[in-house]
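The next block holds one structure in the form of structure tokens; read it before the comments.
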Amino acid sequence: MVSVALAATRALVANPGSAGPNKMQPADYHMHTPLCHHATGNPVDYARVAIERGLDEIGFADHNPMPEQFDDWRMSLTDLPRYFDLVAEARGKFPQLTIRLGLECDFIAGHESWIEKLAGMAEWDFLIGSVHYLPGGFEVDHPRHMSRHMSGEREELWASYWKTYERAIRSGLFDFVAHPDLPKKFGFRPEGDLRRFYEPAVRALAETGMAFEINTAGLRKDCREMYPAREFLQMAHEAGVPLTINSDAHAPGEVGAAFPEAVALARAVGYRELVRFCKRERSVVAL
Ligand code: ZN
Ligand code: FE
Ligand code: FE
Ligand code: ZN
């Protein structure tokens, strides 16, 4: 009997995609759809993989529409009903899986009222706040701007990013903020102790009570590291900031990607709880 149990435990470890009956996987709240023009697979396909990998809850968070054509990597306003239909289709097909409805919203200073308007357009379970654009229009994570990350401008870009990120948190528009140290995506970081950048953001999270995510997509980028860095996570835990763990899947195969590593990291810095969202109400589950 003992050896059977051991073998079963080993099988679970060998196949980190499957969770044991008492070991709940994180809900994956950051998944995209083809409506943003750079993701593949429909919500039903993501849902199918989520079930295969032992997840009990997922949420879609595609890139938010803007009032008019803004760039080429977000859903258009006219596609919003289609987005609701695709999520409803997945809910209908997989009733055993809890499927939440969210959006990944770009925080752009001066456009806060648009997010407020979006917030009233559906019964969202959560809104994620992201900073992809800096004042002046610089796109933090776009490959065409990579050379600027390699230049002497880097310190300035990071300062601008974190200032904007703090503003996104203090706007109070979101349920949690995404990929905290996104500017490291291409593998270039400023010199020295980066906690000088993290500190104001963590303080803003603690003061406003907003949550953030571990986003495992960083592991799939040149930086080869989850967002955020361990030091950020440590500071956030010490400050009592609530946490979610998400994949930022842009393809069904990425659902729940590297969750065992993310859980291990969160636990290593002391996290014992994750938060979940339903109709923009937050609840706590054991990690
Ligand atoms: Zn995307
Ligand atoms: Fe993003
Ligand atoms: Fe995303
Ligand atoms: Zn994202």
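Note that ligands are numbered from 1 as they come in the structure, with each ligand's atoms numbered from 1 the same way. Fair warning: this is a prediction, and the values are worked out from it, not measured in the lab.
The Zn ion (ligand 1) has an N, O or S atom of H38 closer than 2.8 Å. Inclusion of H30 in the first shell of the Fe ion (ligand 3) is supported: an N, O or S atom falls under 2.8 Å. At a threshold of 2.8 Å, the Fe ion (ligand 2) has no backbone or side-chain N, O or S atom of H63 nearer than that distance. Taking backbone and side chain together, H63 holds an N, O or S atom under 2.8 Å from the Zn ion (ligand 1). Checking H179 against the Fe ion (ligand 3), every N/O/S atom stays at or beyond the 2.8 Å cut-off. For a distance bound of 2.8 Å, the N, O or S atoms of D62 include none lying that close to the Fe ion (ligand 3).
The distance between the ring centers of Y165 and F212 does not fall below 6.0 angstrom. F126 and H30 have their aromatic ring centers separated by at least 6.0 angstrom. Between W73 and H142, the ring centre distance reaches or exceeds 6.0 Å. The six-membered or imidazole ring of F84 lies near that of W124, with a centre-to-centre distance under 6.0 Å.
The Fe ion (ligand 3) sits nearest to atom NE2 when only the N, O or S atoms of H32 are considered. The N, O or S atom of D248 with the smallest distance to the Fe ion (ligand 3) is OD1. Taking the Fe ion (ligand 3) as reference, E104 places its N/O/S atom OE1 nearest. Looking at H250 and the Zn ion (ligand 1) together, the shortest N, O or S contact belongs to NE2.
Applying side chain to side chain donor-acceptor pair (under 3.5 Å) to H32 and the options E104, H37, H38 leaves one that passes, E104.
The pair R196-E155 meets the salt-bridge criterion, since a charged nitrogen lies less than 4.0 angstrom from a carboxylate oxygen.
Side-chain contact check for Y29 versus E213: every heavy-atom pair is 4.5 Å or farther apart.
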